[in-house]
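Since the structure comes first, as structure tokens, the remarks are kept for the end.
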Number of protein chains: 2
Amino acid sequence: MLKTSEGYEYTPSTGLRQGLPTAAVVSPPQLRVSTAQTYDVIVIGAGFAGIISARDLLAKGYKVLLIEARDRIGGRTWTTQTENGDYLDIGGTYIHWAQPHFWVELVRYGLKNEVKNCREYFQGSALPVTFLNGEKKTWEPHELHNLLEKCLQLYYNPDGERASDVVPLPHSPLSNIARAVHFDKMSAADRFSQLKGELNEVEIAMIEAFTMAMCGPPLEEASYFDLLQRWVLGGGTSEDYNARMVGYKLKRGQTSLLRAIFDEISSNPNLSWTFSTPVQSIDTSGLKVASVVAANGNVFHARKVICTIPLMVLRTIKFVPELPIPKAEAIASSRSNLTQKVHAVVDGKEWRSWTGVKFVNNGVTMMSGDPYSNSTTTTNLVVFTAGDGRVPRENPQEQLEVFQSMDPSLNVSRLVFGDFNNDPYARGSWCLFQPKYMTRYLSLLQCGVGNLKFASGDISDGWRGFIDGAIESATLVAKEVDGELKHERTGKL
Amino acid sequence: MLKTSEGYEYTPSTGLRQGLPTAAVVSPPQLRVSTAQTYDVIVIGAGFAGIISARDLLAKGYKVLLIEARDRIGGRTWTTQTENGDYLDIGGTYIHWAQPHFWVELVRYGLKNEVKNCREYFQGSALPVTFLNGEKKTWEPHELHNLLEKCLQLYYNPDGERASDVVPLPHSPLSNIARAVHFDKMSAADRFSQLKGELNEVEIAMIEAFTMAMCGPPLEEASYFDLLQRWVLGGGTSEDYNARMVGYKLKRGQTSLLRAIFDEISSNPNLSWTFSTPVQSIDTSGLKVASVVAANGNVFHARKVICTIPLMVLRTIKFVPELPIPKAEAIASSRSNLTQKVHAVVDGKEWRSWTGVKFVNNGVTMMSGDPYSNSTTTTNLVVFTAGDGRVPRENPQEQLEVFQSMDPSLNVSRLVFGDFNNDPYARGSWCLFQPKYMTRYLSLLQCGVGNLKFASGDISDGWRGFIDGAIESATLVAKEVDGELKHERTGKL
């Protein structure tokens, strides 16, 4: 299996190694690519949004050039395989049949029987542990569940309004616009302040921890309304939400699905691609032909450009002509979610259904065991950290010790992780907007500008920040581009 | 707007009239159809399953002939428009974003903003009424809701097992096969017997009524496991279930979506069609070319045949060669769900959020008001009836009076309905299996036999009996056929 240049593995004995094996690497990195040709469509980005839009347009018979900065497909979602055969998703991982666009692709590509229930209970698991408000506590699982349910119901049903009344159509978040505007003014932290009388300090700390792991720090900069939408999409109970957020994954990881889609289109002679080709500027000033300039100076031409570059990275791209001012503002002010995901391999199997949550000085560490592993002696923990300012790549041994401090009997032997927060092609993890951003900018972000269109899970209506949103966005943009190209063609006849 | 020959309208003054206006009628009824040509694929049936498989195969460049017995698209899902502009779905109606295959099509065809919340509360609505166990009772809405929640939770979490543990992956209903086999042996009625000690007679009657409206009579012939799967897909609470079963619909009805899909493909020169063309037999004994014989004697040829004929109607088709014995058995023993849907127009707007449920002598009448109508003086009630042996077409005045008897101030001025139960191309409403049927036959029903494939919402894995299931099934079969045709083509090279 080929190695991408990305991703890190750390053990105390071998130290930090960069680059991980993954089926996401594409070889050859260039195919049928030409600066002389005018393609029908250039798709920038080979994550889910890019590959789905390329696929849909290839199916309509168009010539598509796919340009990707990395050496692999998947963007913020890719899977490495460990020596013992375990699949670890470095970025986006979790899936659910409540995510319609994703689920349909999974069914279509025959992976429905590769869905793994991460919540399956491992007999003999250690009990959940929390460090909240300076206090360590061990829980019976149902106790923790009941408390979470109570706290989250309070948090997400503001002032007697039900979340599902505030967001009655969660795939059209702005349909109930007056309430959307009202709650989009509030931050996640604002809502916590309102609950100070109703919940005690440990309870507040508990949901602050869970919320921080979703939003990244600081809670003052996360929109309460964006969280509300997610809660309603997530089913509106702690259990449903948990099932949709971290409940299920693909046995062979996200790369298994995206690779299946890419393999399907890769034999299509109308598809060209160039990997390891960062884009510098996009020029759509020409009436009929747009051009995309790569960092290496190559210039590619097409009638339409679909830009699936992550929202946080758009600010690094030069657009000619300049984007309309409000759109440029939206891009310039987009918020980075600095949550960090780390896989930690630990000795023993008793951690396979274990949860450990620590929330200290506004920094959260949330660990949960994967019930499955090919290893008979270790457990793969998935860890989300945020707010403590640590960058695992910079001091992996310190990071390992922080994890180990969660429980005296926890022995961490290995860390595997990406570094999306410091990655020039990601600049953060999944998308979660700041207050007033969605109501002000979402529709604008979705709009194309002439022959330039935008698609991304960062700007979808439903399941924003998820693969489902990326596919939704790509589906609509591909359809729009097809409509325009067809119309132009018909116009000529 | 053209009229289909189907559907009925009744008022006491005009009597019964057959045939309703609908955008589902296709004109011309025949296009580019030829008995001399060998098509790549013949698709039998122009409901959702047929049109989606035709679309997917046309997108791959195949020549497709669509054969439909009726004069319209939609099968058991079609929409008529009344004189005041209201859209009434005669068959399948309700939609939800938890139905992934359906939702993706809705987004793709730009209808996401045409979703109507049927549960929106109409101010000034009359209170819900039940007639259960010989007793009439008026409810506060939350009382009824709480009682239903209590009863349904008991009914669907058998013997301390949680429904979601019995059916952990509701889109793969047989994945937890041991529990599936166990509960598939039970009927809906068996489960009621188990609850006799835990619920009182009114409570039992209440959920019997709701279950009967879902299964059709008798409850002894409905699989408890099929209901369990539906409950888990439905979200596992009374409120979620209600939202998914009868919560939302399309403003312009199901025909608005299917028509959009059909319009998209109808300009494709690779599509031929013939409506009003019932099929008599399907002969796939030839190694390379299959033939489909219409009732009028015309014979059509294709390399592959996709049969989307409803499960209950397959027994009227002659297959050459005969189907494998277990598959023929499955078809011969399939169960008809005889639930009947009727639209009743009633005077006054106070019925727009009203519910009336009557369960007498194992016959159920369940009425609920649509919060929307273009009329300023009337309400459209949707009524489901089952188990009372009445056929509205045979004695519409009697049917009207039965409805009216639900409340002394209810004045029914008009009935609009189909007659799927006595329709040779439906032979029942939506699919709900009898005990032991799913575990024994479902996979078998999904299997093709040589060049003959089957697709239908009656045989899908998830959301069986729903449009979502029809699309799931069609997506997979179209992909299978594409794979085979591609392989045969490559084999020749």
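Bear in mind that the values here come from a model prediction, so they are computed numbers and not experimental data. So you know, we letter chains A, B, ... as the sequences are listed, proteins then strands, and number each from 1. We use all heavy atoms of the structure for the numbers below, so side chains are in, but hydrogens, waters and symmetry mates are not.
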So what's closer than 4.5 Å to chain B heavy atoms on [X]: side chain, backbone, both or neither?
X      : answer
A:T475 : side chain
A:E105 : neither
A:F102 : neither
A:E264 : side chain

Any idea which heavy atoms bring [X] and [Y] closest together, and the distance?
X      : Y      : answer
B:P170 : A:W97  : CD-CZ2, 3.3 Å
A:P168 : B:Y248 : O-OH, 3.8 Å
A:N113 : B:S172 : OD1-OG, 3.8 Å
B:V107 : A:L476 : O-CD2, 3.4 Å

Note, [X] side chain near [Y] side chain (heavy atom, < 4.5 Å):
X      : Y      : value
B:K112 : A:D461 : yes
A:D240 : B:D240 : yes
B:V115 : A:L169 : yes

With only heavy atoms counted, which part of B:E239 is less than 4.5 Å from chain A, the side chain, the backbone, both or neither?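 Interface part for B:E239: side chain.
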B:R108 and side chain to side chain contact (heavy atoms under 4.5 Å, CB included): which single residue from A:K479, A:H101, A:E472 fits? A:K479
